[in-house]
Each structure stands twice: as structure tokens, then as C-alpha cells.
> 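Sharing a structure here in C-alpha cells format.
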Amino acid sequence: MKLFLIVILAFLLSQSLLAQRDTIFWFVAPDVSLIHEDRPVRFRISTGAEPTTVRISQPAYQPFSPVTVSIPANSTRTHTFQNFQLSQIENSPPNQILNKGFLIESTALVTVYYEVGFSNNIDIFTLKGRNSLGQHFVIPGQNFWRNQVSDSYSSFELIATLDKTIIAIIPNINIVGHQAGDTIKLILNKGQTYSARAISQEAQNTLAGSLVLSNKPIAITLSDDSIFGNTCYDLAGDQLVPIGILGKEYVVQRGELDANENERIFITSVYDNTSIKINGVEMGIPMMAREIKGFETSERNYIKTSEPVYLMQYTGIGCEIGAALIPSINCKGSNQIAFTRSGNDSFFVNLIVKNGGQSQFKLNGSSNLISSNNFSSVPGTNNEWFSAKIAYSTAQIAPESPNIITNENFSFQLGFLDGGRRSGARFGYFSNFSSLFIGDDITLCEGEKRTISPKGDPDAQYTWSDGSTGSFLEVSEPGKYWVKTINNSGCELRDTLEVRINPSNFLDLNKTITVCRGDYATLDAGNHFGFLWNNGFTGRRLNTLVKGNYTVDVTNFNGCVDRGFFEVTLVDPPALNLGQDIIECPDSGLMISSNILDADSYN
């Protein structure tokens with residue numbers, strides 16, 4: 001499990017690169033084992049050099065009263081939900097469209113994480129701000145440990161950030177309500193959520209490798225509840241990032257799991273023919289897209305892949321396993337990170353930095369507590385990258401006191417291990433995750449506008465393809481758009497996306513349908529994705545006995561909406577009269593005539 005108690009000290013500099021800062025965060029909470037432990041739940045929010053006002057809301061659930069919190073500069077506030085609210089917070093039941101998504105808005109840059117539990121099944125989920133939003137995800141994870149408790153499963157949770165978001169899910173295993181390989185199509189509005197939950201608890205049946213696509217930005221939470229090592233079992237999860245955030249180079253510092261607990265990393269590929277090298281050694285045949293491979297970790301590990309991949313590290317202390325999604329190393333990281341030690345148990349700090357930065361660290365302003373002697377070269381990097389794992393006593397880092405690690409000239413990655421060998425361990429990364437990503441290519445409907453917001457360093461300088469220098473760009477026309485950024489570390493980056501336009505007038509529905517009174521009129525809106533009739537019906541074909549005007553708003557498979565019109569008229573059936581009864585002798589001829597001479601058929 002992972003826990004970062006972010007306490008920002010008063011001497012933080014406003015121009016510094018902090019971890020996962022943003023002003024907008026979207027999040028959906030997983031449904032955690034009630035039997036093991038699923039409460040309390042809380043958001044922890046930390047400010048930097050500016051005071052802020054934070055608003056926590058559920059946009060799709062009107063009965064939820066938004067929470068407004070004023071937070072001074074260099075402070076942390078915790079909002080703990082009441083236990084009776086848990087049914088509206090955790091994303092359950094699975095395979096239903098729900099209204100349980102959270103939007104956190106701040107007037108200044110903050111860091112946020114969601115925390116579950118008190119002692120047994122504790123974990124946190126680091127919110128990644130705009131870095132979490134995208135339209136193309138492959139679900140990472142592990143396939144080595146099973147879910148131990150009877151109500152614990154592997155799952156991923158989706159949240160839409162805009163109305164009329166079309167989502168396609170292709171699970172790699174059977175999930176609640178669907179088979180492996182099915183294409184699940186959803187339409188979610190802003191703040192609505194969906195849970196994809198595994199049916200099996202076996203290790204080989206986790207959801208790692210599943211595919212999620214959307215036409216508008218979404219966020220995803222990964223949860224693997226109560227995974228069992230050889231002795232202990234714990235909740236492991238994190239908020240994910242889209243494939244555009246991923247990298248090809250990673251450094252992993254081993255943690256403190258017992259040898260028999262099989263400390264591991266798991267790589268999930270995005271593209272076919274993805275080769276892997278660990279510490280310069282080729283690791284088997286290349287991976288196919290959406291494949292997962294696990295590797296035991298040595299003390300220091302340099303992972304280089306031919307294509308971008310997800311990398312999850314599973315480590316901990318003793319038998320207590322935790323997990324985190326690891327950021328790639330190039331042009332990513334932070335210049336300073338604040339934290340709090342939670343208790344008297346063992347405490348380790350893992351640091352990763354480029355060569356030259358080993359001697360420039362300070363802990364609480366002192367250069368004596370992080371020495372260049374703590375660092376060793378990472379194999380396979382030609383002495384370009386160095387890492388350290390440093391144990392601290394309670395005298396060096398006191399429990400429940402604010403601490404900060406800084407490196408003025410080098411951005412770095414930092415992970416914490418905090419806990420007991422049999423009582424629970426906290427593990428996670430809180431370094432800046434993204435270098436630069438302005439999003440996947442966008443398909444807009446005619447007349448629609450979209451704001452492009454780079455996912456990277458909020459303090460970077462921006463130059464857009466139209467010459468503007470703001471932190472975002474509004475687009476409504478087709479074409480290619482690019483942005484170039486330079487951050488405070490001098491790292492220059494560039495990203496491009498293409499905007500395409502789909503027509504919004506795709507329907508040709510303006511029909512009059514006439515039926516006999518008492519017969520059903522069938523109104524067919526055509527083969528499209530979604531339907532909303534003016535009487536609230538949501539199917540393709542509406543059957544009605546009532547005359548009048550009908551409208552239907554149709555969403556096509558591109559996510560565009562057009563309106564169709566029907567008029568239903570009723571006519572009375574003709575009064576059929578064959579005349580008076582006739583009595584005739586057998587074998588005599590008889591002709592009977594209808595009084596209706598213009599009927600289409602007679603029977």
C-alpha cells in the first residue's frame with residue numbers, strides 16, 4: 001500500500017517544480033472490501049506558496065452538497081467523509097452507469113490524494129490532475145497474486161469529464177455482465193462513472209491488458225483489492241495515465257519485501273513488437289500489444305523498451321505488498337517534495353536522479369542527511385542515472401513532523417516505504433508524472449469547441465502553433481496544432497495533435513406516418529448509437545398508438561447529435577358493409593360485393 005502525507009513547508013519556493021500539482025482533478029473511488037477494511041475515506045489536499053479555496057463536488061449527483069475548503073499557503077487539509085456517505089462514494093455496483101464521480105477544483109495549484117482505511121487495508125490513490133485525462137488507455141497491473149478476501153476483486157473505474165462521452169471497453173477477461181473480448185459501449189455525461197470488475201479472484205484473471213477508448217477525455221482508477229503474497233494481503237491501486245504520458249525508459253529501486261515475497265515489476269505493452277531490456281539484457285521475445293510480463297527486481301533496475309509501456313512496481317516492507325504506477329525518467333520528476341512520516345515503523349526513501357545531482361540534495365535544509373555516498377550507478381545507464389535507498393531513524397525524520405527534500409538544479413523521482421514488516425506498508429511515487437502531452441487526436445462535431453490543455457509542468461513557458469503563449473488553446477477548426485514548452489530545468493519539449501470535424505446533420509428524418517386508429521405506428525430512428533425521444537424513451541424504435549409530433553435526438557458512432565422529426569396521424573378504418581343476409585338454394589350462384597371499391601386487397 002502507498003501513503004503520502006503531503007505537508008508543504010513555509011520555505012517552499014513558488015517557482016519550483018512540485019509533485020502532481022494542478023487546479024482540476026477528476027476521480028472515481030473504487031469499491032473496497034468491507035470484510036477486510038474500506039473506511040474511513042478522505043481527500044488530503046496540500047497547498048504551495050499560495051493560499052487557495054478548494055471545491056469538492058459530484059457533478060452528476062445533485063443531492064451531494066459541494067464541500068468548500070479554504071486552505072492557507074504551505075498547509076494541508078483533510079476532508080473525511082462520513083461512513084453513511086460511503087454508498088455514494090465507492091463506485092458500486094459494477095456494470096451500471098452511476099453518478100459517483102468527483103471533481104476537485106482549486107483557485108491555486110495543489111496536490112491531492114484519496115486515502116482508504118484505518119489500519120488493515122489502507123492505501124492511497126495519487127490524483128494526477130490533467131495528466132490523468134485521455135482517450136486511449138491500456139489497463140496495467142499484475143498477474144502473480146490473487147485477491148484473498150471473499151469480497152475483493154480486480155477492477156478499474158471510469159469517469160467522464162464531458163457530456164455525451166462515448167466509451168468503448170474491451171476486457172481481456174470475463175467481467176461482471178460481459179465476456180472477455182466483448183466491446184462494451186457506453187455514453188456517459190459529465191461526472192458519471194462505470195465499474196469494470198473481474199468475476200474471478202485468481203491471479204491470472206486480473207484486468208491487466210484490457211483496452212479503453214473514448215471520444216472525450218476520461219480518467220481511470222485501478223484497484224487490486226487484498227492481493228495475497230505468501231503471508232499478508234493488502235489493497236493496491238493508483239490513478240492511471242493515458243498512453244500519451246508513457247515513456248520508454250524507467251528506473252526502479254528495489255524496496256524491502258522479504259525474499260520469499262517475490263518483489264516484482266510488471267510491464268504492460270501498448271503496441272506490437274515491444275522489446276524489453278533490463279540492465280542492458282534483452283528479456284525474451286518482443287511483446288504483443290496489451291500483453292503483460294512480470295520480472296523479479298534486483299537492487300537497481302534500468303528498464304528500456306522499444307515502445308512506450310506502463311510499468312507498475314510491487315514492493316513493500318516485510319510481507320506487506322504495495323504498488324505504484326512508475327513515471328518514466330526523461331524530462332520528468334520534481335525539484336522538491338514534502339512529506340510526513342506516519343509512525344515509528346521503518347521508513348525508507350528511494351531517490352532517482354541524473355549523474356551530477358547526487359551531491360545536491362537537502363533534507364529539511366541540511367545536506368548532511370542525503371550524501372552522494374548513498375547513491376550507486378544504475379546498471380545499463382553508463383553512469384547517467386543514480387539511485388539510492390536510505391533508511392531513516394525517528395531521530396532523523398520524526399513521526400508526524402513536516403519534512404522536505406529538495407534538489408535545486410536536478411529534478412528527481414522519489415518513492416516512500418513506510419510501515420511495519422507485518423503490520424502494513426505504505427508505498428508510492430509522488431514525483432511529477434508528465435513531461436508534455438496535449439492529448440490524443442480530437443474528433444469534433446461540427447460547431448463544437450474544445451480546449452487543449454497541456455499535461456505537464458504548469459510553470460513551463462508555452463508557444464502554440466498560432467503564436468499564442470497561454471497555457472491553453474481553444475480549437476474548433478480542422479488541422480494540426482502543436483505546442484512547445486521550456487520548463488525551469490531547461491527541458492524543451494514539443495507535442496502535436498490533429499483535429500478532425502464530423503458533420504452534425506447526418507439524419508434525414510422528417511416523416512409523416514399514417515395508421516388506422518387502434519394500430520401501432522412504428523417510428524424507426526435508424527442504426528445509430530444512442531437515442532432520446534421527446535417522451536423519454538431511449539430505444540431505436542418507438543411504437544405508439546397516439547397521434548402527434550415526435551422528436552428524437554440521435555447520437556451517432558462519432559458522438560455527434562442530430563434531431564429527427566415524425567408526425568403520426570390516425571385515420572378511422574372504413575365501415576365495411578356487404579349488405580343484408582341472403583338465403584339461397586344449394587348449388588346456386590351468388591355474387592357478394594363490398595361497398596369499399598378502392599381497397600388495396602380483399603381476403
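The first residue of the sequence shown is numbered 1, and numbering continues consecutively from there.
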> Is it true that Asp22 and Lys128 have a side-chain N and a carboxylate O under 4.0 angstrom from each other?
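No, this pair does not count.
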> Run through Ile267, Ile292, Thr268 and flag the one making a side-chain contact (heavy atoms from CB on, under 4.5 Å) with Pro140.
Thr268
> Please name the pair of heavy atoms, one in Gln239 and one in Thr126, separated by the smallest distance, quoted to 0.1 Å.
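What the structure gives for the nearest pair is CB-O, 3.5 Å.
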> Among all residues two or more places apart in sequence or in another chain, which pass the side-chain hydrogen bond (donor to acceptor under 3.5 Å, both in side chains) test with Tyr194?
Asn95
> Can you check side chain to side chain contact (heavy atoms under 4.5 Å, CB included) on Leu325 and Val241, steps first, answer last?
CA-CA 9 Å; Leu325 183 67; Val241 297; 4.0 Å; yes
> Show, in sequence, the C-alpha distance, side-chain angles and deciding distance for Ile169 and Thr183, and conclude whether the side chain to side chain contact (heavy atoms under 4.5 Å, CB included) test is met.
CA-CA 6 Å; Ile169 303 170; Thr183 298; over 6 Å; no
> Decide whether Asn143 and Thr206 meet the rule of one side-chain donor and one side-chain acceptor closer than 3.5 Å.
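The criterion, which ignores hydrogens and geometry beyond distance, is not satisfied for Thr206 and Asn143.
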> When you check the side-chain N and O atoms of Tyr153 and Arg197, is any donor under 3.5 Å from an acceptor?
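No, no side-chain donor-acceptor contact under 3.5 Å.
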> For Asn260, is there any backbone N or O sitting under 3.5 Å from a side-chain donor or acceptor partner on Glu263?
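Side chain of Glu263 to backbone of Asn260, a donor-acceptor pair under 3.5 Å: no, none is there.
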> Roughly how far, to the nearest 0.5 Å, is the CG atom of Asn502 from the CG atom of Asn556?
7.0 Å
> What residues form a side-chain contact (heavy atoms from CB on, under 4.5 Å) with Thr551, not counting sequence neighbours?
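Thr551 satisfies side-chain contact (heavy atoms from CB on, under 4.5 Å) with Asn534, Arg563, Phe565 once adjacent residues are dropped.
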> How about Phe266 and Tyr314: are their ring centroids closer than 6.0 Å?
yes
> With rounding to the nearest 0.5 Å, note down the distance linking CG in Asn99 to CD in Gln192.
5.0 Å
> Looking at Trp145 and Ile321, would you say the former's side chain and the latter's main chain have a donor-acceptor pair under 3.5 Å?
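No, the answer is negative, given that no donor and acceptor are paired below the 3.5 Å cut-off.
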> Between the main-chain N or O of Thr53 and the side-chain N or O of Thr107, is there a donor-acceptor pair closer than 3.5 Å?
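Judged by distance alone, yes, a pair lies under 3.5 Å.
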> Is a donor from one side chain sitting under 3.5 angstrom from an acceptor on the other, for Asn230 and Asp258?
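Side-chain D/A pair, Asn230 to Asp258: absent.
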> Measure the spacing between OG of Ser33 and CG of Asp151 and express it to the nearest 0.5 Å.
3.5 Å
> For the atom pair OG1 (Thr297) and CD (Gln313), what is the distance rounded to the nearest 0.5 Å?
6.5 Å
> Between Phe531 and Phe537, is the ring centre distance below 6.0 Å?
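Not under 6.0 Å, so no.
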> Can you tell me if Asp238 uses its side chain to pair, donor with acceptor, with the backbone of Phe125 under 3.5 Å?
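Pair absent, no side-chain N/O of Asp238 close to backbone of Phe125.
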> Rounded to the nearest 0.5 Å, how far apart are CG of Leu523 and CZ of Arg540?
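Rounded to the nearest 0.5 Å, the CG-CZ separation comes to 12.5 Å.
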> Is the shortest side-chain N to carboxylate O distance from Arg146 to Asp224 below 4.0 Å?
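Asp224 and Arg146: not salt-bridged.
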> Could you tell me whether the side chain of Tyr250 and the main chain of Asn301 form a donor-acceptor pair under 3.5 Å?
no
> For the residue pair Gln62 and Pro59, what are the closest heavy atoms and their distance?
NE2-O, 3.3 Å
> Compute the ring centroids of Tyr114 and Phe25, then answer whether they are less than 6.0 Å apart.
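Between Phe25 and Tyr114, which both carry aromatic rings, the centre distance is not below 6.0 Å.
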> Using a 6.0 Å cut-off, check whether atom CZ of Phe472 has over 12 heavy atoms from anything other than its own residue.
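Not buried by this count: 12 neighbours or fewer within 6.0 Å.
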> Is it the case that the side chain of Asp234 and the backbone of Asn121 share a donor-acceptor pair, with hydrogens and angles ignored and the cut-off at 3.5 Å?
no
> Answer yes when Arg39 and Glu37 have at least one side-chain N-carboxylate O distance shorter than 4.0 Å, and no when they do not.
no
> Under 3.5 Å, is there a donor-acceptor pair between the side chain of Asn205 and the main chain of Glu202?
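Here the side-chain-to-backbone pair does not exist.
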> Which of these, Leu211, Val212, Ile218, sits in a side-chain contact (heavy atoms from CB on, under 4.5 Å) with His136?
Leu211
> Search all heavy atoms of Ala219 against all heavy atoms of Leu133 and return the closest pair with its distance.
CB-CD2, 3.9 Å
> Test side chain to side chain contact (heavy atoms under 4.5 Å, CB included) on Ser223 and Leu235 and set out the steps.
CA-CA 7 Å; Ser223 175; Leu235 172 66; 3.6 Å; yes
> With side chains defined as the heavy atoms from C-beta onward, is the minimum distance between Leu240 and Ile139 less than 4.5 Å?
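Contact flag for Leu240/Ile139 side chains = yes.
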> Taking distance alone, no hydrogens or angles, what donor-acceptor pairs closer than 3.5 Å link side-chain atoms of residues 156-165 to residues at least two apart or in another chain?
unit_1	atom_1	unit_2	atom_2	d
Glu157	OE1	Asn91	ND2	3.0
Glu157	OE1	Ser195	OG	2.8
Glu157	OE2	Ser155	OG	2.6
Thr161	OG1	Pro217	O	2.7
Asp163	OD1	Lys190	N	2.9
Thr165	OG1	Leu162	O	2.6

> Do Thr78 and Arg44 meet the criterion of a side-chain donor-acceptor pair at a distance under 3.5 Å?
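Result is yes, a qualifying pair exists.
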> Within 45° of the six-membered ring axis of Phe144 and under 6.0 Å from that ring's centre, is NZ or CZ of Arg264 located there?
yes
> Using side chain to side chain donor-acceptor pair (under 3.5 Å), reason through Ser504 and Asp562 one step at a time and then give a plain yes or no.
CA-CA 6 Å; Ser504 293; Asp562 199 4; over 6 Å; no
> Would the distance check show the side chain of Asn558 and the main-chain N or O of Cys560 forming a donor-acceptor pair, the cut-off being under 3.5 Å?
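No; zero donor-acceptor contacts below 3.5 Å.
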> Any idea which heavy atoms bring Asn174 and Ala180 closest together, and the distance?
OD1-N, 2.9 Å
> Tell me if a side-chain donor or acceptor on Ser269 pairs with a main-chain N or O of Arg290 at a distance below 3.5 Å.
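Judged by distance alone, yes, a pair lies under 3.5 Å.
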> Measure the spacing between CG of Asp418 and OG of Ser346 and express it to the nearest 0.5 Å.
8.5 Å
> So, Arg421 and Glu320, do they make that salt bridge, N to O below 4.0 Å?
no
> Would you confirm whether Thr52, through its side chain, and Val54, through its main-chain N or O, come within 3.5 Å as a donor-acceptor pair?
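Judged by distance alone, no pair lies under 3.5 Å.
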> Will you find, in the side chains of Asn147 and Ser226, an N or O donor that is under 3.5 Å from an N or O acceptor?
no
> Using the ring-ring contact (aromatic ring centres under 6.0 Å, His included) rule, pick out the option among Phe27, Phe43, Trp26 that qualifies with Phe102.
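Single pass found, and it is Phe43.
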> If you compare all heavy atoms of His79 against all heavy atoms of Ile56, which two are closest, and at what distance to 0.1 Å?
CB-CD1, 4.3 Å
> Apply side chain to side chain contact (heavy atoms under 4.5 Å, CB included) to Tyr310 and Leu246, showing your working.
CA-CA 6 Å; Tyr310 289 91; Leu246 304 177; 3.5 Å; yes
> Please report the shortest heavy-atom distance between Lys100 and Ser92, naming the atom on each side.
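That would be NZ-O, 2.5 Å.
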> Can you find a pair of side-chain heavy atoms, one from Val112 and one from Val110, that are under 4.5 Å apart?
yes
